[in-house]
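Reading through the structure tokens given below for one structure.
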There are 2 protein chains.
Amino acid sequence: METIEQLLESKGIRVTAMRLLIYKFLAEKEIAVTLSDIENAFGKADRTTLYRTIKTFEENDIVHQIDDGTGITKYALCEQGCNCNIKTDLHLHFHCSICGNTVCLTEHKIPQIKVPEGFVAENVNLVVKGICDKCSGQ
Amino acid sequence: METIEQLLESKGIRVTAMRLLIYKFLAEKEIAVTLSDIENAFGKADRTTLYRTIKTFEENDIVHQIDDGTGITKYALCEQGCNCNIKTDLHLHFHCSICGNTVCLTEHKIPQIKVPEGFVAENVNLVVKGICDKCSGQ
DNA sequence: ATTAGGATGCAACAGAAGTGCATTTATTGT
DNA sequence: ACAATAAATGCACTTCTGTTGCATCCTAAT
């Protein structure tokens, strides 16, 4: 079991109180969060700090960015099965139109997509919209 | 061959000079455009008018909205094969990381996506990112 | 021609994203 | 332990997209 401190150090970024708090916040949430979500949770901290912390996490493959079609960028922790830096191993995301939550469906891989001649596919973003398990009443 | 005037009338919306111009602009472009693109092309017109014109087109299934992951909403004309109002007939979009252009790959349909128990899929947004035919040098 | 309703233009606002700079905090070398 | 250095944080400000309210203009119908 790796501690958060060890994870940050292994990425070569400094361990600070702010970063540990934000990491824990992301770990507790099971859904993708926006910068505003983090801002609301850490009222005392400055927006810029949160913004740059998330950017640092993103650059070091600690979180990955999700564009679920709401127009607001969301972030989620990269998990064991999430090799989001490896282009051929992308999972998909599910956005619930009722609760507005977005979750990673890590175990669901994106099928191979064919593109026309001359096009080179490097990356795929797939968001399924609908009703999540909690809102569908099951 | 249906004229633009006839198309607008068939949708029950008024034919105005502005709308004809914007429609023609979209028809000439083969790529999805942002509101800013339209704004730059029609310097004299007000942003709000362009915004509301596009919204009107969207509500009447004349254009469809594309979220290609750039964070900026783009729009493209609905073509013959584009039944963007029918949820089961969604095509995919390709975003070029070099020229930044986004095109509709109308003939490429999105394969059936499986979601976990309890989740209800209603809609799918699929964007392939990579290098387009023009930028790949073919 | 008059009138009613939609279209357009102007102004203003909200939210997200991003940058520059000063200050604080942490790390390194002596 | 202390100074020097580099990174992290906080503050202020800017830009861009998207959006709404209101007044005015134009079009269409009677």
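Residue numbering restarts at 1 for every chain, and letters A, B, ... go by the order of the sequence lines.
Note on B:T73: only backbone sugar-phosphate atoms sit closer than 4.0 angstrom, heavy atoms only; bases stay farther off. Counting non-hydrogen atoms under 4.0 angstrom, B:K55 reaches the backbone sugars and phosphates but no base. Within 4.0 Å (heavy atoms only), B:T16 reaches sugar-phosphate atoms of the nucleic acid but no base atom. Residue contacts for B:S36: at a heavy-atom cut-off of 4.0 Å it reaches the sugar-phosphate backbone alone, with no base atom in range. If you check every strand for non-hydrogen atoms under 4.0 Å, B:R19 touches sugar and phosphate atoms only.
The CD1 atom of A:I22 sits 12 Å away from the P atom of D:dA8 (whole-angstrom rounding). A:K44 has its NZ atom 13 Å from the P atom of D:dT9, to the nearest Å. To the nearest angstrom, C1' of D:dT20 lies 15 Å from CG of B:L35. C:dA16 atom P lies 12 Å from atom NZ of A:K74, rounded to whole Å. Between the CD1 atom of A:I72 and the P atom of C:dA14 there is a distance of 16 Å, given to the nearest Å. B:I13 places its CD1 atom 15 Å from the C1' atom of C:dT8, with the value rounded to the nearest Å. Straight-line distance from the CZ atom of B:R52 to the P atom of C:dG6: 13 Å, rounded to whole Å. Going from atom CD of B:Q65 over to atom P of D:dG18 covers 8 Å, rounded to whole Å.
Residue-environment remark: NZ (A:K11) exceeds the threshold of 12 foreign heavy atoms within 6.0 Å. In the displayed structure, B:E107 atom CD is contacted under 6.0 Å by more than 12 heavy atoms of other residues, nucleotides or ligands. The environment of CD in B:E5 is crowded: more than 12 heavy-atom neighbours from other residues, nucleotides or ligands sit within 6.0 Å.
For B:Y51 and D:dT19, the shortest distance from a side-chain N or O to OP1 or OP2 is below 4.0 Å. The phosphate of C:dG9 has OP1 or OP2 within less than 4.0 Å of a side-chain N or O from B:T49.
The main-chain N or O of B:D37 is found under 3.5 Å from a side-chain atom of B:T34 such that the two form a donor-acceptor pair.
When each of B:E39 and B:R14 is assigned the nucleotide of DNA chain D bearing its nearest heavy atom, the one mapping closer to the 5' terminus is B:E39. Nearer to the 5' terminus of DNA chain D, by closest-nucleotide assignment, is the contact made by A:D46 (compared with the other of B:R47 and A:D46).
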I'd like to know whether A:K134 forms a side-chain contact (heavy atoms from CB on, under 4.5 Å) with A:C96, so could you lay out the CA-CA distance, the side-chain angles of the two residues, the decisive distance to 0.1 Å, and finally the verdict. CA-CA 10 Å; A:K134 292 190 185 73; A:C96 178; over 6 Å; no

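At a cut-off of 3.5 angstrom, the base of C:dA16 holds no donor-acceptor pair with the side chain of A:T34.
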